[in-house]
Q: 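Below is one structure. I have some questions about it.
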There are 2 protein chains.
Amino acid sequence: MPKGTFFNLPDEKRERITEAAIDEFAEYSYEGASITRIVDNANIAKGSFYQYFEDKKDLFKHIIDIIGEKKLMYMTRLLKDFEKLDFFQAFREMYAAGIKFAKDNPRLSKIGNSLIKGADVKLMQEVLGEAIPKSNEFIKGMLLRGIQRGEIAPEIDADIVAYMLTELSISISEYFIKEMKAEDDMEILELADKMIFVIENGIKKR
Amino acid sequence: MPKGTFFNLPDEKRERITEAAIDEFAEYSYEGASITRIVDNANIAKGSFYQYFEDKKDLFKHIIDIIGEKKLMYMTRLLKDFEKLDFFQAFREMYAAGIKFAKDNPRLSKIGNSLIKGADVKLMQEVLGEAIPKSNEFIKGMLLRGIQRGEIAPEIDADIVAYMLTELSISISEYFIKEMKAEDDMEILELADKMIFVIENGIKKR
DNA sequence: CCGTCATATGACTTAATAGTCATATGACGG
DNA sequence: CCGTCATATGACTATTAAGTCATATGACGG
């Protein structure tokens, strides 16, 4: 967690620092990010940085927290009437929300993805804590509920499929960031639908 | 490409260097890898390294070449009677070969995956060249052939599905490296079959 | 036995990094 | 107007990195 001084800062300055950090981590990932470049771009002194943060990891965790909060905002609306939807509707909504997040926040999305996909498993666990296992469990729960409701073929392996769905949700936002030039939502939602079409046929009960 | 001197080296020394480099890149990825550690572990002088290689990237490309050659060996046997197999058989064989490669060569697999998943797209293109697009085209070709043969539902989007299959093949070898303790082939092939089950239902013609 | 030439060496240079610290500033209460 | 205290600063340290280079070695042909 950042030190108290960081939160005492005038909003403008705090945001300048946050922006510079997001730029840096999005471009260079955690390892490659340079504190010196961040303070230069934020126009603060090196020493000031260490008045606000313990160290590089402290800053990074803070940025990851911001990402988590923002992503949650995209999901909460959806979580309210989650019970009403069948699995495939809910799943489509989840993907759509994830895609919208990636579209609106490409830098944040990039930081998150490169953390998850990165080689440094230790860093990931330290920074994300239980978020990944939890989200996997959540999807698995969705699948099991779908099976109980008779929407999903009971012979699937819920663990494997949950893993596949997580991986594909990451790759879809990556695909978006890499390929799409952010012109319109339509194209990317079509893309998601095409993926979901395959998944749906793959796991639905007949 | 390494300099001539590298290939003039006695086999034992050349292998010592190669091994040290593989260890290093597997543990730290390209960015984090240290030439100093490599030369220390290989027991050669820093200066000698630069008699053999232009620079760090030159070494890395060489290691990637080795990976490519080795992976090709796992695939060639299979490529011979590729025409005889239907799509799902061929696909299963491909996954199985990929898994076997990852099992036999976890360090090489790790290097390859972290390159592909890494943030540095420029590096990837420079080092892998056309390998990724080509492999994507190859899978797409398989899919289109499957459609012509009436094995695969014609309404799928071959581009998207090819992309999904590539992503999943990477995540399966990652899953293997992370989760499995390399005890037996069986478990991981079962895992692959469970994935393929979903994909097969997802895209086969009814 | 000598001279040559490919190879081997590690101290060195340059540049970048994260993090520190003595000092300066400036706002605000008394 | 002064003293205090949180904050601001950038030169500095210490470490590590990639890459260089003058010099040493040693094998081999004449």
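So you know, we letter chains A, B, ... as the sequences are listed, proteins then strands, and number each from 1. Side chains are part of it too, since the values below use all heavy atoms of this structure and drop only hydrogens, waters and symmetry mates. Quantities reported herein were computed from a predicted structural model and do not represent experimental measurements.
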Q: I need the CG-C1' distance between Asp40(A) and dT17(C), as an integer number of Å.
A: 13 Å

Q: Are more than 12 heavy atoms from other residues, nucleotides or ligands located less than 6.0 Å from atom NZ of Lys3(A)?
A: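 Check passes, neighbour count above 12.
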
Q: Tell me whether the side-chain N/O atoms of Arg37(B) come closer than 4.0 Å to OP1 or OP2 in dA17(D).
A: yes

Q: Rounded off to whole Å, could you give me the CD1-to-P distance for the Ile35(A) and dT20(C) pair?
A: 12 Å

Q: Could you give the CD-to-C1' distance, from Glu24(B) to dT16(D), as a whole number of Å?
A: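 Rounded to the whole Å, the gap is 13 Å.
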
Q: Answer yes or no: are there more than 12 heavy-atom neighbours, outside Glu130(B) itself, under 6.0 Å from its atom CD?
A: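 Incorrect, the count does not exceed 12.
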
Q: Using atom types as modelled and distance alone, determine if a side-chain donor or acceptor of Asp81(B) lies under 3.5 Å from a backbone N or O of Lys84(B).
A: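 No, because the side chain of Asp81(B) does not come within donor-acceptor range (under 3.5 Å) of the backbone of Lys84(B).
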
Q: Less than 4.0 angstrom from a charged side-chain N to a carboxylate O is my criterion; do Lys61(B) and Asp58(B) meet it?
A: no

Q: Between Met142(A) and Phe91(A), which heavy-atom pair has the shortest distance, and what is it?
A: CE-N, 4.1 Å

Q: Within the 4.0 Å heavy-atom criterion, would you say Lys13(A) contacts the bases, only the backbone, or no part of the nucleic acid?
A: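 Lys13(A): backbone/sugar contact only, no base atoms under 4.0 Å.
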
Q: Which sits closer to the 5' end of DNA chain C, Ala33(A) or Pro10(B), going by the nucleotide each is nearest to?
A: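 Nearest nucleotide further toward 5': that of Pro10(B).
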
Q: Rounded to whole angstroms, how far apart are CD1 on Ile38(B) and P on dG19(D)?
A: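 It is 11 Å, rounded to the nearest whole Å.
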
Q: Both atom distances under 3.5 Å, Watson-Crick or G-U wobble: I'd like the secondary structure of DNA chain D as a dot-bracket string, with | for pairs made across strands.
A: ||||||||||||||||||||||||||||||

Q: When the distance from NZ of Lys3(A) to P of dG19(C) is rounded to whole Å, what number comes out?
A: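 To the nearest whole Å, that distance equals 11 Å.
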
Q: Which of residues 44-54 of chain B have a heavy atom under 4.0 Å from DNA chain D?
A: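 Lys46(B), Gly47(B), Tyr50(B), in order of number.
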
Q: Looking at Thr5(A), does any N or O in its side chain come under 4.0 Å of the phosphate oxygens OP1/OP2 on dT7(D)?
A: no

Q: I'd like to know if Glu174(A) pairs up with Lys117(B) as an ion pair, taking the criterion as any Lys NZ or Arg NE/NH1/NH2 lying under 4.0 Å from an Asp or Glu carboxylate oxygen.
A: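 Looking at Glu174(A) and Lys117(B), the cut-off is not met.
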
Q: Rounded to whole Å, how long is the line connecting atom CG of Asn43(B) with atom C1' of dG10(C)?
A: 14 Å

Q: Go through dG19(D), dG19(C), dT7(C) for me and flag the one nearest to the Asn8(B) side chain.
A: dT7(C)

Q: Return the value, rounded to whole Å, for the distance between atom CZ of Phe7(B) and atom C1' of dA6(C).
A: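 That distance rounds to 17 Å.
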
Q: Please report, rounded to the nearest Å, how far the C1' atom of dA18(D) is from the CZ atom of Phe60(B).
A: 17 Å

Q: Can you tell me if Met75(A) has over 12 outside heavy atoms packed within less than 6.0 Å of its CE?
A: yes

Q: Less than 4.0 Å between a side-chain N and a carboxylate O, is that true for Arg14(A) and Asp11(A)?
A: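 Between Arg14(A) and Asp11(A) there is a salt bridge, with a charged N closer than 4.0 Å to a carboxylate O.
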
Q: For Phe101(B), is the NZ or CZ atom of Lys70(B) found under 6.0 angstrom from the centre of its six-membered ring and inside 45 degrees of the ring axis?
A: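 The answer is no; the distance or angle limit is not met.
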
